[in-house]
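Below you'll find the structure, written out as structure tokens, and then a few comments.
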Amino acid sequence: MNGLSFNALPPIDLPFRFFLTAPLFVILCALLILFAGETLWLSRWQPSMLALTHGFTLGFITIVMMGALLQLLPVVGGVGIAKPRLIVGVCHSAVVLGTLGLMANFIWPSKLLTALTLLLLVCGLGLYITALALVLIKKLSQGDTIVGFRLAITALFIVMLLGTLMLSQSLPFAIDLSKLPDIFSGKALTNNHAILGLAGWGSLLIISVSFQVIPMFHVAPHFPNSISRFLPSALFALLLLYIIKPHLIMAFIVLAHGVFATSLLFVIAKRKRKISDNSILYWQCAALTLLAITIFYFIPETYLPETLAQKKVILIATLYLYLYLVAVIQGMLLKILPFLSFTHLQQRCVSNFLAMQYLPNMHDFLNKKHGQWLFYLHLVSGGILLATIITPSLYWLLSLVLIIEFAWLLKLMKTTTSLYYATLDKINSLGNE
């Protein structure tokens with residue numbers, strides 16, 4: 001906890017808003033899988049597949065990260081965003097509606113819907129990035145984590161620009177891509193958008209957060225200085241170089257993730273608090289996934305069965321997205337929600353010690369066994385997802401398991417938030433007596 005600040009936390013209902021919205025997008029994605037059927041898996045360029053991908057990346061990953069950063073930035077840096085209620089009200093609504101519009105626009109293209117979607121996403125993400133940038137340009141504490149936050153937000157800004165460039169192509173004011181360098185042409189533009197979104201915005205933020213939360217929550221040693229100080233900057237530099245030399249640089253990006261995974265497993269193994277913890281299971285799953293990706297990436301396609309060789313890229317992308325990014329985010333939700341609820345209520349009790357009698361135990365907010373069930377569900381759904389890529393006829397089973405898993409996640413989060421508000425009512429009632 002050394003160097004952390006809990007005095008600038010925004011109202012807790014603001015991150016709750018993001019967290020409770022995110023699982024609904026995965027349930028929507030599950031329904032899309034069910035209705036699209038086997039044709040969804042024919043190609044990554046299928047309109048339904050593009051809608052599905054953005055449902056996960058924007059609808060789940062980005063929305064949760066936006067809510068998490070609202071809390072993490074003031075805790076780590078000591079300063080929160082200005083006018084949080086106004087900023088969150090606009091950003092949350094715009095990104096949610098923009099993501100729904102984007103998913104619909106992939107399936108039912110429309111110039112009007114494209115323009116509306118573009119306006120919503122640029123306003124929502126643009127305002128959010130600006131609000132965080134105004135904080136991040138200040139001299140803040142906890143250097144390595146803050147540097148990682150700055151790089152991740154920069155990556156998100158580039159992702160937004162590239163996405164805007166692609167989405168605007170059907171509109172009258174579109175920029176002629178043929179007059180731009182090759183990195184803005186066709187598949188290169190799409191690949192740059194994807195890699196900067198997943199490995200830049202997604203992974204850079206997770207890596208930076210891990211430097212803070214693993215030692216804080218699990219009484220583990222700090223990451224080696226060579227990792228915490230240089231890995232985020234090195235990964236960001238590699239991502240920029242990828243735009244110029246994709247085939248050469250991708251191997252180094254994969255290796256950088258392998259280094260992080262090895263360091264993560266080492267730090268977790270050295271933790272002093274070795275009681276069973278669901279979020280540790282998620283971190284270990286993510287680290288092992290990255291190591292599996294590293295090995296799989298470097299196996300020549302001639303040594304793989306034909307089915308795996310043909311779908312190697314999509315299998316790696318799926319492992320990375322679902323069993324690394326989504327896994328860590330799900331595990332962090334199980335840790336952050338009870339911690340935030342307890343911390344906010346504890347601060348309310350400072351002015352009235354009689355209220356301490358109503359303060360629940362941390363484990364009361366989220367049953368450990370229920371969190372464990374969610375982890376096992378995630379492993380099952382991840383396995384079925386990989387199997388569906390090879391055998392698309394399993395799509396109905398994947399849809400069913402995703403609905404069960406993320407409905408369960410939503411229920412766990414609702415249980416935590418309901419206990420928070422019930423306890424808050426009891427604390428407030430003391431002031432009225």
Side-chain angles (χ1 to χ4, degrees), residues 1-6 64-65 68-69 71-73 75-77 141-149 152 202-232 235 256-294 323-343 346 361-376 378-379 382 412 416:
M1 295 290 186
N2 186 36
L4 302 184
S5 170
F6 296 91
V64 171
M65 285 179 162
L69 264 179
Q71 294 286 333
L72 288 168
L73 188 55
V75 169
V76 176
S141 58
Q142 306 297 314
D144 294 334
T145 298
I146 291 295
V147 168
F149 286 177
S203 190
L204 265 175
L205 191 59
I206 282 175
I207 290 170
S208 305
V209 167
S210 72
F211 297 157
Q212 198 68 55
V213 301
I214 298 293
M216 180 175 77
F217 285 133
H218 306 291
V219 198
H222 290 288
F223 281 75
N225 283 337
S226 57
I227 298 297
S228 60
R229 183 168 298 178
F230 299 113
L231 182 61
L235 180 56
H257 281 84
V259 170
F260 168 65
T262 305
S263 302
L264 177 58
L265 289 173
F266 173 79
V267 170
I268 288 173
K270 293 290 184 180
R271 73 191 189 278
K272 294 179 182 178
R273 192 180 179 212
K274 296 203 175 183
I275 60 173
S276 63
D277 188 283
N278 293 320
S279 67
I280 283 290
L281 293 176
Y282 278 101
W283 282 110
Q284 290 171 326
C285 169
L288 293 173
T289 297
L290 288 178
L291 291 177
I293 288 172
T294 303
L323 288 174
Y324 168 46
L325 296 179
V326 174
V328 168
I329 289 170
Q330 207 176 81
M332 285 302 299
L333 282 171
L334 295 185
K335 183 61 72 174
I336 287 175
L337 275 163
F339 179 76
L340 284 180
S341 300
F342 183 86
T343 301
Q346 191 178 47
N361 184 282
M362 186 82 79
H363 296 297
D364 293 334
F365 285 102
L366 202 152
N367 186 290
K368 186 180 289 189
K369 186 174 288 187
H370 292 171
Q372 201 168 50
W373 294 349
L374 183 70
F375 174 71
Y376 293 138
H378 192 68
L379 292 183
L412 294 182
T416 301

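Heads up: numbering here begins at 1 and tracks the sequence. These numbers come from a predicted model, not from an experiment.
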Out of curiosity, [X] [atom1] to [Y] [atom2], how far, rounded to the nearest 0.5 Å?
X	Y	atom1	atom2	answer
S210	M216	OG	CE	12.0 Å
L73	I146	CG	CD1	5.5 Å
W373	N278	CH2	CG	11.5 Å
T289	Y324	OG1	OH	10.0 Å
L204	F149	CG	CZ	11.5 Å
Y282	H378	OH	NE2	6.5 Å

Return the minimal non-hydrogen interatomic distance between [X] and [Y], and the atom names on each side.
X	Y	result
L325	G202	CD2-C, 3.9 Å
L333	P338	O-CD, 4.0 Å
A261	A287	CB-O, 3.4 Å
A256	L235	CB-CD1, 4.3 Å

Close side-chain approach of [X] and [Y], heavy atoms under 4.5 Å:
X	Y	answer
S203	I207	yes
T145	V209	no
P232	F211	yes
F223	L264	yes
V267	W283	no

H370, NE2 atom: more than 12 neighbouring heavy atoms under 6.0 Å: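 Counting neighbours around NE2 of H370, more than 12 heavy atoms of other residues, nucleotides or ligands fall under 6.0 Å, so yes.
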Step-by-step side chain to side chain contact (heavy atoms under 4.5 Å, CB included) determination, L379 to C285: CA-CA 9 Å; L379 292 183; C285 169; 3.9 Å; yes
Whether the side chain of [X] engages the backbone of [Y] through a donor-acceptor N/O pair (distance < 3.5 Å, no angle test) should be reported.
X	Y	value
T416	F365	yes
R229	S226	no
T343	L340	no

T294 side chain to H257 side chain, donor-acceptor N/O pair below 3.5 angstrom: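 No pair is found: no donor N or O on one side chain lies under 3.5 Å from an acceptor on the other.
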Evaluation steps, side chain to side chain contact (heavy atoms under 4.5 Å, CB included), between V76 and Q212: CA-CA 8 Å; V76 176; Q212 198 68 55; 3.9 Å; yes
Aromatic ring proximity F217/F339, centre distance under 6.0 Å: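 Yes; F339 has its ring centre under 6.0 Å from that of F217.
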Chi angles and distances behind the side chain to side chain contact (heavy atoms under 4.5 Å, CB included) call for H218, S279: CA-CA 10 Å; H218 306 291; S279 67; 3.1 Å; yes
Electrostatic pair D277:K368 at N-O distance under 4.0 angstrom: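 Result for this pair is no, no salt bridge flagged.
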Pair L265-L288, side chain to side chain contact (heavy atoms under 4.5 Å, CB included): steps then yes or no: CA-CA 8 Å; L265 289 173; L288 293 173; 4.1 Å; yes
